[in-house]
Colleague: 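Input: one structure, supplied below.
The chain is numbered in sequence order, starting from 1. Indexing begins at 1, ligand by ligand and atom by atom, following the structure's order.
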Amino acid sequence: MIKANNPEIKSWIEVKQGSDFPIQNLPFGIFKAQGKSPRVASIIGDFIIDIAELNNNGLLGNISIAKEILENSALNDLMALGKHISRDLRNALSDLFNAENAILRDNAALRNKVLYKISDVELLLPVKIGDYTDFYSSIEHATNVGTMFRDPANALLPNWKHIPIGYHGRASSIAVSGTDFFRPKGQTKAPDAELPSFGATKQLDFELEMAFVIGKSTNNGDSVSTKDADDYIFGLMLFNDWSARDIQAWEYVPLGPFLAKNFASTLSPWVITLDALEPFKVAGPIQDPKVLPYLEYQGEKNYDVKLEVYIEAEKSEAYRICESNFKYMYWNMNQQLAHHTVNGCNINVGDLMASGTISGKDPHSYGSMLELTWRGTKPIQMPDGSERKFINDNDTVIMKGYCENNGVRIGFGEVKAKALPSK
Ligand code: CA
């Protein structure tokens, strides 16, 4: 067991029941306190840990990290040091904040230098994202979309069970949770219209996804095997791949999504390390037909992460519309990465790869409005009496995720963003 994952450890920082951030989580993020520059952080309970300040005060034991790596506006340089450093760092934090350890616990002056209340700081986009790839790896989602957009009898295209399908997205419009965005405009064509028209999307949607960030680069020509993929995957976040369905339906043939997807995507601020998620590995679905040898894998490579989506209408309470789970994914991350690099495509630290919409078998587990309302034919009744076929102006969509076993809950926090009226 990774030392910091020990479920027996308690912290001297209060962690409320149901908190996503017990001492066993220790994710990494970037925070900014008022009047200060951005820094690398972790979190326990409701307290932000200034890792740069711990380092400056010699509190990280034997770990040697240059000042500028931690006084930084992104995690890229820290990730690039290698997993052994981030693993040592989580273990050092676990020791420092262990209820038994008096060094910080009993030193108020030092404590005040390194801890911030979460309400007093701003959380920034944790990673400087180089390239962004989005997969399409939920068999339920691909089947639902194929049924609605094409042909119910042949919902899955012939390649789907052989290739982890994906496309290259755009990194410029990926923003951290809390960043609102404008309803996109574009070309659409109603099925009965002769010609396309231009205007704000009438079918704004979310996609419930998880994303992993690359922590180790490769050279062009190199491939990452399913076995080695864990070394390259630094950690995971929640990801909302905002989508405009009417724009998508008209533009996607033959090269796939373009403007229907690249106007905004929202990422949660904490990178939960693959190390912290180790206790929550589970077996994935059986893959039939058998995959090609480079996509075969050993062991449990899916993760049991409970996922929820809420819509918060203006002046209304957040209302849960979906409960899904990351473990439903047909293609796992190791296979996605092996496929992505099998042709020699090089990857860089900070590249982001998203899972694709995470839907399950049950209609309440569908990870998009497109599926939940079956393209608007089964509207969702909201508690304020209104109904939703897609996302309205000024709706906020909130996604949450957490793993739980042995009395330990490792959470992802949330990813939220509001859809503002078209600009
Ligand atoms: Ca997507």
Colleague: Give a yes or no on whether a salt bridge exists between K418 and E312, defined as a side-chain N under 4.0 angstrom from a carboxylate O.
Modeller: no
Colleague: Just to verify, which of D241, I129, T266 counts as forming a side-chain contact (heavy atoms from CB on, under 4.5 Å) with I174?
Modeller: I129
Colleague: Less than 3.5 Å apart, which donor and acceptor atoms pair up between the side chains of residues 274-288 and the rest of the protein, not counting sequence neighbours?
Modeller:
from	atom 1	to	atom 2	distance (Å)
D275	OD1	R87	NH2	3.0
D275	OD2	R87	NE	2.7
Q287	OE1	Q335	NE2	2.8
Q287	NE2	Y330	O	2.7
Q287	NE2	Q335	OE1	3.0

Colleague: Name the atoms and distances for all side-chain donor-acceptor pairs under 3.5 Å in residues 339-352, with sequence neighbours left out.
Modeller:
from	atom 1	to	atom 2	distance (Å)
H339	ND1	Y294	OH	2.7
H340	NE2	T133	OG1	2.8
T341	OG1	V224	N	2.9
T341	OG1	L337	O	2.9
T341	OG1	A338	O	3.4
N343	OD1	C345	N	2.9
N346	OD1	N220	ND2	3.1
D351	OD1	D131	N	3.1
D351	OD2	N348	N	2.9

Colleague: What pairs meet the side chain to side chain donor-acceptor pair (under 3.5 Å) rule with one or both residues in residues 18-34, with sequence neighbours excluded?
Modeller: D20-R409
Colleague: Can you confirm whether K128 is buried at NZ, in the sense that more than 12 heavy atoms of other residues, nucleotides or ligands lie under 6.0 Å from that atom?
Modeller: no
Colleague: Could you grab the protein N, O or S atoms closer than 3.0 Å to the Ca ion (ligand 1) for me?
Modeller: D134 OD2, E207 OE1, E209 OE2, D241 OD2
